[in-house]
Amino acid sequence: MRASGKCPDQRVFPAVLKCCTLLRDPKLGEAVHGCVIKVGVDGYLYTGNALMNMYAKFQGMVGLENQALELFDEMHELERSFLTGNESEPVDESEKCVLSNESNDGLKLRSDALDSSNQATVTANRICLWKDNVRKVFDTMPIRDVVSWNTVIAGNAQNGLYEEALMMVREMVDTNLRPDAFTLSSILPIFAEYVDVNKGKEIHGYAIRHRFDSDMFIGSSLIDMYAKCSRVEDSLQVFKLLPRRDSISWNSVIAACMQNLMFDEGLKYFRHMINYGVKLMPAAFSSVLPACAHLTTLHLGKQLHGYITRVGLDDNIFIASSLVDMYAKCGKIEQARCIFNRMERHDMVSWTAMMMGCALHGHAHDAISLFKHMEADGVRPNYVAFIAVLTACSHAGLAEEAREYFDSMTRDYGISPGLEHYAAMADLLGRAGKLQEAYELIASMQFEPPGGVWSALLAACRVHKNVELAENVVEKIIRVDPENIGALVIMSNIYSAAKRWKDAARVRIMMKEMGFRKKPACSWIEVRNKVHAFIAGDNSHPLYDKINEALGVLSDQMEREGYVPDLSEVLHDMGDEEKRRSLQNHSERLAIAFGIISTPPGTTIRIIKNIRVCLDCHVAIKFISKIVGREIIVRDNSRFHHFKDGKCSCGDYW
DNA sequence: CTAGGGTTAG
């Protein structure tokens, strides 16, 4: 059009600007903005709205800065003036003439104009925030309508400027414009983020009063908002009342369940969604796969993976990251690695998921190597990435490397360590026996250390049998977290192990007074696509008698091989025989015995336990793996232990 | 011309 000499009018630009937005091409977009100004149609409502939307969407796009600096000097004065906005360049008729000149050089002129404004533009991107661009457009608009306000409000909300967004809603009301469905669905995510269910409900009420509550967009936002405020019941209710549902409404309700650990419920909605014939969007899998990862239901994860491959969603970075995580959590680290290697692009989350996987399997050097590759790739590690690499170091006892990463986090990336980083460091130093150093690190924290950080050190005190430090640590834990009975359980174990019976008894009395109820630890094993769960002393399993018999036989053989049960930490006062029996009834042993009797010889046995495998069981499983000649893989909350031929992959360092 | 959901976390 430009080449033919036809001067575009205001009706052209909204569509063109939308194209630039959808193409995610800031250079082109700002070139068109230049054109808008030159042609003199920047005062039109729709054009201004489209421009603001474009700049809001371009926020966060980076990568052209260096090029921009190089080109800055070559920039034409004309473009510089209107893009930096210090003075408004009058658009005179001769300029318009040149730009719309009907000549053979038309195309060249056009591309020249684009090129020079590109250079200016990219630089402008660097020197002004998107906010300034939007603001400039917004402030100079002669007329603003609801769409103008909604655009700026959504732009602020999506770019994390929450207070700014909310302020603009109030300003909007002051100019006698009513917030509509667009406004509400833009600001609801803010209250989800703030976990402010009261404000969220206020919006819900407003939506009902104005008959917006059957709007699918508002519905999804409400479902999400309630879910993030731990009010799943309300999420389900909103979903139920929606007259129409699209794939996003379904995905929101599935995610709502998963975020609140209602995995079975979430899977139920997932199946319903498929039955209703809703088109499966990539996001659907991003909620369901993590559920498989949590439940470690490998068979379901594999089915989903097969489905994903068939519909060609393999290359979606969200899905691929979830698959990496799912396979790693289900014990298939090679498969996770394979998917990771096949991804054409890695972002910070996929690197982190892979590192966590390696950490989980004790492959610390792989995790560190991944971290280095990530940095070399120009991907900035964030808070979570550092948790991953520190956890990996902790599981392999790499104290020096961990210290280096811990320091690098603040020094090189300006991320201040949070409680997870301190917990990982405390765990690591503690396992390495550097209890004093761990204590000092925690004591040096910028904020009051929560109980969880001290607990890492307490576990180390137990392994290294340091009663005095443990007492000190428990005191700190109880001060910040008086309900933490777990700490008392460990303390009582530590006293028992040191044969300080009186102290052990004293702690147990305290526990009783606090209304101590032992939360049972649970172990799961998947046999022929069915998950079997065991808790300590539970005899409700149909094969309990056989399991018990098998354990008895194993026990004899183990003792012949030199296994001595470690009775020192058994909680209750009872005779040795009773103590033995109580150890034998630990959930992981029941699960392993069930695995042995219900799978063919030689099959690997995989167990998931919801808390740390106990000291005695760790030793016992080594014996069992040798006696039955099987590989036994036990995953506790934080890591995998591979037992084979009487040895464990993590040695005695666990 | 404007709006909603999703991946990693001891």
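The sequence lines fix the lettering, A, B, ..., with proteins before strands; numbering per chain opens at 1. Treat the numbers as computed from the prediction; the structure is a model and nothing was measured.
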Please work out if [X] contacts a base, only the sugar-phosphate, or nothing of the nucleic acid, heavy-atom cut-off 4.0 Å.
X         : result
Ala423(A) : nothing
Met348(A) : nothing
Pro290(A) : sugar-phosphate
Ser249(A) : base

Is it the case that the base of [N] and the side chain of [X] share a donor-acceptor contact (distance under 3.5 Å, atom types as modelled)?
X         : N      : result
Ser322(A) : dT7(B) : no
Ser185(A) : dA3(B) : yes
Asp215(A) : dG4(B) : no

Name the closest nucleotide to the [X] side chain, picking from [options].
X         : options                 : answer
Ser221(A) : dG6(B), dG10(B), dG4(B) : dG4(B)
Met356(A) : dG4(B), dT2(B), dT8(B)  : dT8(B)
Ser220(A) : dG10(B), dA9(B), dG4(B) : dG4(B)
Phe182(A) : dG4(B), dG6(B), dA3(B)  : dA3(B)
Ala456(A) : dA3(B), dT7(B), dG10(B) : dG10(B)
Met216(A) : dG4(B), dG10(B), dT8(B) : dG4(B)
Lys329(A) : dG4(B), dT8(B), dC1(B)  : dT8(B)
Asp325(A) : dG6(B), dT8(B), dG4(B)  : dT8(B)
Pro14(A)  : dC1(B), dA3(B), dG4(B)  : dC1(B)

Is it the case that the side chains of Tyr226(A) and Glu233(A) hold a donor-acceptor pair, with the cut-off being a distance below 3.5 Å and no angle test?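 No.
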
Does a donor on one side chain sit under 3.5 Å from an acceptor on the other, for Ser394(A) and Asp427(A)?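 Ser394(A) vs Asp427(A): donor-acceptor pair found between side chains.
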
Can you find a side chain N or O atom of Gln158(A) that sits less than 4.0 Å from OP1 or OP2 on dT2(B)?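 No, Gln158(A) has no side-chain N/O under 4.0 Å of OP1/OP2 on dT2(B).
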
Assess the pair [X] and [Y]: is the distance between their ring centroids shorter than 6.0 Å?
X         : Y         : value
Phe285(A) : Phe318(A) : no
Trp149(A) : Phe138(A) : yes
Trp454(A) : Tyr422(A) : no

For atom [atom1] of [X] and atom [atom2] of [N], their distance in whole Å:
X         : N       : atom1 : atom2 : value
Asn382(A) : dA9(B)  : CG    : P     : 12 Å
Leu51(A)  : dT2(B)  : CG    : P     : 12 Å
Asp145(A) : dC1(B)  : CG    : P     : 13 Å
Ile339(A) : dT8(B)  : CD1   : C1'   : 15 Å
Arg337(A) : dT8(B)  : CZ    : C1'   : 16 Å
Ile223(A) : dA3(B)  : CD1   : C1'   : 15 Å
Met355(A) : dG10(B) : CE    : C1'   : 16 Å
Tyr405(A) : dA9(B)  : OH    : P     : 19 Å

Salt-bridge present (Lys268(A), Glu265(A); N to O < 4.0 Å):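 A salt bridge links Lys268(A) with Glu265(A).
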
